[in-house]
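Presented below is the structure to which this report refers.
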Amino acid sequence: MDTRFKPPRELPVSDGISKIKDLEARAVLVDMEEGVVNQLLKGPLSNLFKSRQCITGISGSGNNWAHGHDVYGPQYGEAILEKIQSEAEKCESLQSFNILHSLGGGTGSGLGSYIMEALHDNYSGVLRISVPVFPSKDDDVVTSPYNSMLAVKSLVDHADCVLPIENEALCEILDKMEVRKLRSPTLYVPKPSKGKKHPSGKGFDAMNEIVANLLLHLTSSVRFDGSLNVDLNELTTNLVPFPKLHFLMSSMSPALHGPSHENAAQLPTVNQLFTDVILHKNQLVKGNPLACTYLASAFLFRGSQSNVSDLSANICHLRQRMKMVHWNPEGFKIGHCFRPPLHAPQALLCLANNTCIRNPFKRMKKRFEKLFKKRVYVHHYAEYMDLGTFALALDSLEDLIEHYGEHEGPLMLRQFA
Amino acid sequence: MRDCVRARVRERERMGVVVLQVGQGGNQFGLSLFDALFSLTSSLANEFFREPRRSADLPRARAVLIDSEPKVVAAVKRRSRAMGYWRYGPYSSYTEDSGSGNNWAKGFCRLGPSWQDALSDLVRREVEMCDIFDGFITSQSLAGGTGAGIGSYLLEVLKDEYPSCNTLSHCIWPLEGECTVQYYNVVLSIAHLCDVVDGLLLVKNETLMSTCKKALGIQRPSFDDMNTVGARALASVLVPAYYQTKPKLTGLLKSSGKATTCKVKSSDCQSQMMSSTQVRILSDLVTGLCSHPKYRMLALRNTPQVPTGLDNSTTHPWKSHLKQLKQMLYMEPSWAMESTSSVHGHKCTSDYSAFRKIDRCVANLLVLRGKGSSDADVSLLEDKALYPVWSKDPLMVATNTAPLGDFHIFASLLSNCSSAIAPAAHALSRARAMHASKAYLYQYAKHGLSMDDFDTSFEAIEAVLEQYREL
């Protein structure tokens, strides 16, 4: 899947080709405009993608979910499924589909929703993991509140697991990295890209690197050895107690690259990684999980310098700061992969099913209602779909917010002295 | 024919035990177990290893390795080759790529049945390589989907295929917070295993970790460290030892006696041949430790954890070790306090002394290894207060004058006792709380496990707990 914001170069699940020269991404790239995909096919990673993996249109979806879903969906659906089929057949054991898309536009959200539904119908036994970009308040697409609302319904109904991303949160993480760079010059900070920039001035490439890191970390246990392997299907079993509550907060420490190896004194300890990863400033969606209730959480550690007793001890400490739902006070999943990431000696990923995920949904709902109250731009959608779809999507979102709200605990569980 | 020659002839007709390693935890522990079985004895334990076809090759472990993903089994085989003393058989493993997703129902209801034929064949091949087959020992963790789910299914299948064989299940009890759905998996596993295995040995990761930290001074123990401790403990009751003839044990000897064989060096052979019967750990489970069908839960305690030198000045070297073992029967902490306070993740030690209770035992197997073991005074463990009145001859004692690896002196106590009550009760209460909120149930229902199936398992566990509470 392609979007304006994400190059889908990282699909590292069980890459079976051993020679580095001949790697081919297990990917299908879809866009209703040719520009971005063509750039990829000519760019530095061009040998990873073949044009037979791509489906492009010409005129785009006009930032209209209905155009993407109800026009391009049926029009391109078969061709897309064929390409997916040919990629799937090359896998010995297909674990999951990772769908990378943004929800603000027309293709990623509309056609993306259509594809999600089709995958549910045709590959019901295979996990569907979505990594969507939620639009932020300064999103330059005026219809993004409609598009995202409509897409979320599809995610609720057809995805197994969703790891939302907000550009605002990524920008803040990058800001903090730049501040830290002033203090420790060896810290890696992505260079500003020449291409399109987020309104904050940050390059999308830098922000995408963080998300790429997330996916690498998520799949590290599938690719490398460890003392406690965690497959993708284990994540869904452990983190999704009810079928629709599958929206996870994600955070990493370090978010990108740690300080260079020479500066051993600056290397964070494993304890520090744990304390950092639950802070609101490190979340990839704006929210403060410590202020809300955890339904379940997973801590996936990469690195060989620490072992299970360190991880277990840290979980014990963290528990005292985390509000756990009453029926799951020990709702943790630990993973340990021996291989550290490329640019840090150790790293930690936290995936949390936390009720604070309601906040981005509430923001989404507010923006939607502001626009829909006046029926602004609605006629563009009426051209392709029945307007009742808006009401259904709104109901679905409200249900989701309410359902999460039911598990919001009243008080933190107190520790006995 | 002289006794020793006769013994050497019989030596070739060894009882074989097949170890089934299932899941990540099971395979990692299994590797440590075979390593311990190999290195803690002076000669090859033929029950657990077979000679390779070509004499130049290394001995092969009598094992079947099973996992739902390939990495762990590959790593375990690689490590055994790297050690260079013994190996796993080249065709003794079965792996797939799917993973079981920590879902007991997926392992038990889906993957188990679909792999049944392949696993049966694999197991049969290993069993047929035993001259006389004594039974299975399984190594599995209870937290996940493979070891717990597929392991439970496999044992049910094997119970049907080998109705007269015996099974000991070595189950690893997870740390708190290893896996969100672990209490479901633990409860479902124990409920099913209780019906099909002869003995269920529960070993807590927490206990192993604490042993590493306190007794061995390893501040940050890894799984390898913990597995080494656990494997040594289990190996210490599996490697050869001999019952001593005592008047009260004659009844027991008749029922459990198998062919008398002498495996130790010939100098010991004479003295031990006269009146000793080798411990057959699997058969003795049925006749001795787990003779009552409702009491199957076992616990293992041993001392010391660090090799001590031979102390010739002490006239009673065994006294302190036996005293410590008895202390351990008390030392299992205030369970009632632990199960409530662990809700808040914090052990409450202030009321510890008020709740000290002894773990009552149905029966005990005491294994003493080292010089003077056959003369040790075991009266501490013959204490009638330990056992219910209906338990006849509850203490079995076996010894071997040979040291255990670097340990000149080693004492192990395999007990059919109530130490499983507290952790099982804790797991049950957690599972019930999640079940009442219907959390995760749809994940299990997807693979065919209904709410009623959970209720059945909850009741089964309650029944087991009730039995042990009555002791």
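Predicted, not measured: the structure shown is a model, and the values here were computed from it. Naming convention: chains lettered A, B, ... in sequence-line order (proteins, then strands); numbering from 1 in each chain.
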Pairing of B:Arg430 and A:Glu330 as salt bridge, 4.0 angstrom limit: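 Counted as a salt bridge, because a side-chain N and a carboxylate O are separated by less than 4.0 Å.
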N-O pairing of A:Asp225 and B:Lys71 below 4.0 Å: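 B:Lys71 and A:Asp225: not salt-bridged.
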Student check: side-chain heavy atoms of [X] and [Y] closer than 4.5 Å:
X: A:Val222; Y: B:Glu69; answer: no
X: A:Asn238; Y: B:Cys179; answer: yes
X: A:Lys333; Y: B:Asn102; answer: yes

B:Gln443 side chain to A:Pro241 backbone, donor-acceptor under 3.5 Å: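 Not confirmed, B:Gln443 side chain does not pair with A:Pro241 backbone.
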Backbone N/O of B:Val72 and side chain of A:Asn229: donor-acceptor pair under 3.5 Å: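 No, A:Asn229 side chain to B:Val72 backbone: no donor-acceptor pair under 3.5 Å.
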Residues which pass ring-ring contact (aromatic ring centres under 6.0 Å, His included) with B:Phe34, listed by chain and number, not counting sequence neighbours: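 Here the qualifying residues are B:Phe49, B:Trp86, B:Tyr88.
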Which residues share a ring-ring contact (aromatic ring centres under 6.0 Å, His included) with A:His336, sequence neighbours left out: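 Per chain and number, A:His336 pairs via ring-ring contact (aromatic ring centres under 6.0 Å, His included) with A:Phe301, A:Phe338.
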Over all atoms of both residues, closest heavy-atom pair of B:Gly177 and A:Ile334: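 Here B:Gly177 and A:Ile334 meet closest at O-CG1, 3.1 Å.
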Nearest atoms (heavy-atom pairs only) where B:Tyr440 meets A:Ala296: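 Residues B:Tyr440 and A:Ala296, closest heavy atoms: OH-CB, 3.4 Å.
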Where at least one partner belongs to residues 221-240 of chain A, residue pairs that pass ring-ring contact (aromatic ring centres under 6.0 Å, His included), sequence neighbours excluded: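 Every candidate ring-ring contact (aromatic ring centres under 6.0 Å, His included) pair involving residues 221-240 of chain A fails, so no pair, neighbours aside, qualifies.
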To the nearest 0.5 angstrom, please state how far the [atom1] atom of [X] sits from the [atom2] atom of [Y].
X: A:Asn328; Y: B:Tyr183; atom1: CG; atom2: OH; result: 10.0 Å
X: B:Ser437; Y: A:His326; atom1: OG; atom2: NE2; result: 4.5 Å
X: A:Ser309; Y: B:Met209; atom1: OG; atom2: CE; result: 5.0 Å
X: B:Asp225; Y: A:Asn307; atom1: CG; atom2: CG; result: 7.0 Å
X: B:His435; Y: A:Trp327; atom1: NE2; atom2: CH2; result: 13.5 Å

Flag if over 12 foreign heavy atoms under 6.0 Å of [atom1], [X]:
X: A:Lys90; atom1: NZ; result: yes
X: B:Arg432; atom1: CZ; result: yes
X: A:Glu406; atom1: CD; result: yes

Which residue out of [options] racks up the most heavy-atom pairs below 4.5 Å with chain B?
options: A:Leu94, A:Val230, A:Ile315, A:Leu228; value: A:Leu228
options: A:Asp310, A:Asp231, A:Leu235; value: A:Asp310
options: A:Ala298, A:Ser312, A:Ser297, A:Pro243; value: A:Pro243

Please classify the contact of [X] with chain B as side chain, backbone, both or neither, using a heavy-atom distance under 4.5 Å.
X: A:Val240; result: both
X: A:Ser227; result: both
X: A:Leu239; result: backbone

Which portion of B:Tyr442 sits near chain A, non-hydrogen atoms under 4.5 angstrom: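 Answer is side chain: those atoms of B:Tyr442 sit under 4.5 Å from chain A.
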Segment of B:Lys446 engaging chain A (4.5 angstrom heavy-atom cut-off):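 Neither the backbone nor the side chain of B:Lys446 comes within 4.5 Å of chain A.
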For chain A, which residues of residues 94-101 of chain B have heavy atoms nearer than 4.5 angstrom: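 Within residues 94-101 of chain B, near chain A: B:Asp97, B:Ser98, B:Gly99, B:Gly101.
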Leading residue by heavy atom contact count with chain A [cutoff under 4.5 Å; candidates B:Gln28, B:Met434, B:Glu178]: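 Max contact count across the listed options: B:Glu178.
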For chain A, the option from B:Ala75, B:Ser222, B:Pro221, B:Gly145 that forms the most heavy-atom pairs under 4.5 Å: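 Top count of heavy-atom pairs under 4.5 Å with chain A: B:Pro221.
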